[in-house]
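FYI, side chains are in, hydrogens and waters are out, and symmetry mates aren't considered; it's all heavy atoms of this structure.
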Amino acid sequence: DFVNYYKKLPLSLNNLFSFAILLTPNHTYMFYKTHHIVSDGWSMNQVTEQIKEVYGKLVNNEPLDDFAPPSYLDFIKREESYMNSSKYTSDFKFWEDYVSKIKSSKIFHSSNNFCKKIDRFEFPISEDLSKSIDEFCNINHITEYVFFLAVFSIYFAKIYNTDSVIFGTPFLNRQKKFDEMNCAGVYISTLPLQIVIDNTADFLSICKNISATNFSIFKHSHFPYHQIQTLYNKFSQDNSNIYDIVFSYQINELKYPMPSGESGEFIWYPLGSQNNPLTIHFCVPNHHRSLMYDYWTSYFTKEQIIHMNNIILHIIHQVLDSHNKFSDIDVLSSDDVKILSDFNNSGDLEKVNCSIIDIFEDVAYSHRDKTAIYCGEDSITYGDLKKRIDFLADFLINKGIKDGDSVVLFFDKCIDMIVSLFAILKAGACYVPILPDEDINRINYILNDCKPFCIISESNISSKLSTTVPV
């Protein structure tokens with residue numbers, strides 16, 4: 001109850017952090033809450049360690065004279081010097097070239113219409129699996145960070161049918177020679193790491209590609225993120241974030257012993273909101289590895305995140321069992337295959353030389369009262385789906401559509417999109433799907449290239465289109 005109460009206490013620009021101590025008969029709990037504009041994730045651990053150090057000195061009656069953590073002001077001075085240096089100029093040229101080549105490959109096509117409140121799902125990785133991953137990484141001379149980035153890249157490439165995935169990945173940006181590893185403040189910079197997947201590559205080749213790209217970024221990781229974002233907006237004509245997935249690798253266990261000899265336990269509570277739909281943390285709280293998924297509750301359900309994690313585990317086991325080719329890695333478990341097979345089993349169809357519309361109408365006739373589509377909380381039966389398809393197909397035919405004409409579908413994923421797709425096919429035309437969050441230049445290119453008969457969309461998103469084609 002106290003945790004929930006303390007989490008809800010607001011922070012502000014006049015109140016950037018707070019501490020609380022809760023005493024119980026058997027334990028002492030310390031709570032530390034800080035605004036993200038003055039503290040990064042690494043700092044949370046450092047503040048905890050320094051409090052333990054001071055506590056130990058006080059308990060043991062030791063002087064605090066030698067306790068002098070480094071000052072964040074030193075980092076600010078170094079940043080000011082960097083902005084006027086030749087290194088800044090070199091970094092600018094690197095990022096200008098890097099960003100200009102980034103493909104528009106948003107995974108989730110999120111928009112400002114989504115609430116950015118988050119929830120967290122945590123999956124503890126078993127000791128046996130952790131040991132197997134360690135052995136694999138040691139034998140193949142790759143880091144755990146690269147291993148998990150490769151696994152998640154394969155997941156998103158296969159699930160979302162893309163050959164390019166952009167992760168926001170945090171770089172520590174602290175220099176040991178300035179003793180910044182022990183200082184609290186905002187050092188970390190989350191930079192865009194684009195991973196291009198070759199369908200013919202094996203797992204280790206994907207890992208090597210990630211390592212090379214990551215190292216090139218690391219050499220220029222001092223460059224301010226907001227300037228990278230500005231470059232991306234300039235080149236892409238897209239005002240959204242450069243990435244919609246963050247992968248954070250955090251190994252910041254508690255080490256400094258307390259007077260009892262124990263290092264204590266560290267519990268990290270998530271932020272209340274975040275700017276991107278999904279952040280994946282690989283971390284080691286209290287000596288045990290975990291995957292943590294911070295997700296927009298307006299975009300994902302907990303069940304979807306759990307299913308995502310199950311597929312990730314399925315991929316990991318395949319990689320560890322030497323199924324290393326990208327093309328051989330399966331994202332469907334045997335249980336998933338059975339579910340899909342059972343759901344889509346419509347019995348034996350008598351027609352052989354028939355179109356997809358013929359097959360659909362046979363299924364719709366036989367199962368008119370069964371649910372055809374689930375989309376969020378919405379659903380529709382085969383019978384009602386067929387009625388809507390027939391109505392729209394007749395409408396298009398009456399408007400003069402001809403065999404071979406193209407029709408653009410400008411939808412987020414919804415039942416209306418499926419209705420439109422089948423209606424277009426039934427009218428003898430072909431469909432060209434475009435997601436609303438696609439880059440505006442790419443949308444215009446597709447429209448000019450396919451010269452559609454019309455565009456089918458929803459009124460709340462069609463305003464983004466600037467075209468003379470009927471909508």
Side-chain angles (χ1 to χ4, degrees), residues 11 13-17 32-54 64-99 143 145 167-194 211-234 241-243 246-256 268 271 274-275 279 281 283:
L11 295 174
L13 293 180
N14 295 321
N15 181 29
L16 293 172
F17 60 89
Y32 170 48
K33 183 175 184 178
T34 180
H35 201 297
H36 217 332
I37 65 172
V38 295
S39 177
D40 54 26
W42 183 268
S43 298
M44 299 290 286
N45 179 271
Q46 297 312 307
V47 169
T48 304
E49 291 284 61
Q50 290 171 23
I51 288 174
K52 286 163 53 185
E53 181 181 357
V54 172
L64 297 177
D65 298 343
D66 59 343
F67 180 76
S71 171
Y72 189 68
L73 294 177
D74 296 334
F75 173 73
I76 294 175
K77 292 176 183 177
R78 186 162 65 85
E79 286 290 284
E80 291 174 348
S81 175
Y82 164 77
M83 297 300 290
N84 297 306
S85 69
S86 59
K87 181 68 169 70
Y88 169 83
T89 304
S90 171
D91 290 347
F92 180 88
K93 290 179 180 178
F94 168 84
W95 284 109
E96 187 175 41
D97 179 66
Y98 183 90
V99 171
T143 64
Y145 164 76
F167 290 95
T169 182
F171 286 79
L172 198 57
N173 203 22
R174 295 167 184 256
Q175 295 192 18
K176 290 184 179 180
K177 66 180 180 180
F178 295 113
D179 199 22
E180 291 171 347
M181 301 300 292
N182 300 317
C183 187
V186 180
Y187 292 83
I188 287 177
S189 182
T190 303
L191 303 178
L193 174 65
Q194 182 175 37
S211 293
T213 306
N214 189 72
F215 182 68
S216 68
I217 289 176
F218 172 75
K219 291 190 294 185
H220 303 275
S221 59
H222 204 154
F223 193 72
Y225 167 73
H226 72 275
Q227 293 192 29
I228 299 174
Q229 180 67 51
T230 300
L231 287 170
Y232 173 75
N233 297 147
K234 170 188 171 184
N241 286 343
I242 194 170
Y243 52 78
V246 170
F247 179 76
S248 171
Y249 182 79
Q250 301 194 39
I251 308 299
N252 52 355
E253 299 178 82
L254 295 179
K255 297 178 181 178
Y256 194 89
W268 173 30
L271 298 169
Q274 63 190 24
N275 287 328
T279 296
H281 303 280
C283 53

| Results of side-chain contact (heavy atoms from CB on, under 4.5 Å) for Thr34 - residues two or more places apart only |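 Listed in chain order: Phe17, Tyr32, Val38, Ser39, Met44.
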| Residues that Asn14 engages under side-chain contact (heavy atoms from CB on, under 4.5 Å), provided they are two or more places apart |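 By the side-chain contact (heavy atoms from CB on, under 4.5 Å) rule, Asn14 matches Ser12.
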Partner residues of [X] under the side-chain hydrogen bond (donor to acceptor under 3.5 Å, both in side chains) criterion, sequence neighbours left out:
X     : result
Asn84 : none
Asp40 : Ser43, Arg174
Tyr88 : Gln227
Tyr82 : Asp91

With under 30° as parallel and over 60° as perpendicular, where do the rings of [X] and [Y] fit, or are they tilted in between?
X      : Y      : value
Tyr243 : Tyr225 : tilted
Phe167 : Phe247 : perpendicular
Tyr98  : Trp95  : perpendicular

| said: Could you walk me through whether Phe75 and Val186 satisfy the side-chain contact (heavy atoms from CB on, under 4.5 Å) test, starting with their C-alpha distance in whole Å, then the side-chain angles of each, then the deciding distance to 0.1 Å, before giving a yes or no? | reply: CA-CA 10 Å; Phe75 173 73; Val186 180; over 6 Å; no
With [X], which residues qualify under ring-ring contact (aromatic ring centres under 6.0 Å, His included), at least two apart?
X      : value
Phe218 : none
Tyr145 : Tyr249
Phe171 : none

If I compare all heavy atoms of [X] with all of [Y], which pair ends up nearest, and what's the gap?
X      : Y      : value
Ala184 : Val47  : CB-CG2, 3.9 Å
Val99  : Leu231 : CG1-C, 3.8 Å
Gln46  : Cys183 : CG-O, 4.4 Å
Ser221 : Leu191 : CA-CD1, 3.5 Å
Thr190 : Gly168 : CG2-C, 3.6 Å
Met181 : Leu172 : CE-CD2, 3.4 Å

| request: Any chance you could lay out the salt bridge (charged side-chain N to carboxylate O under 4.0 Å, His left out) test for Glu49 and Lys52, step after step, and finish with the verdict? | output: CA-CA 5 Å; Glu49 291 284 61; Lys52 286 163 53 185; 2.8 Å; yes
| said: Is there a side-chain contact (heavy atoms from CB on, under 4.5 Å) between Ser189 and His222? Walk through the geometry before answering. | reply: CA-CA 8 Å; Ser189 182; His222 204 154; over 6 Å; no
| field | Residues, nucleotides or ligands: over 12 heavy atoms within 6.0 Å of Lys87 NZ | value |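 For Lys87, atom NZ is crowded (more than 12 foreign heavy atoms under 6.0 Å).
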| Ile37 atom CD1, neighbour heavy-atom count above 12 within 6.0 Å |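 Count over threshold, so yes.
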| request: Report the residues that fulfil salt bridge (Lys or Arg N to Asp or Glu O under 4.0 Å) with Lys234, sequence neighbours left out, ordered by chain and then residue number. | output: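 Salt bridge (Lys or Arg N to Asp or Glu O under 4.0 Å) check on Lys234 returns nothing, list empty.
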| said: Could you work out, with salt bridge (Lys or Arg N to Asp or Glu O under 4.0 Å) as the rule, every residue matching Lys33, not counting sequence neighbours? | reply: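 Once residues adjacent in sequence are excluded, Lys33 has no partner under the salt bridge (Lys or Arg N to Asp or Glu O under 4.0 Å) criterion.
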| field | Residue pairs fulfilling salt bridge (Lys or Arg N to Asp or Glu O under 4.0 Å) with at least one residue in residues 70-81, sequence neighbours excluded | value |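 Sorted pair list: Arg78-Glu180.
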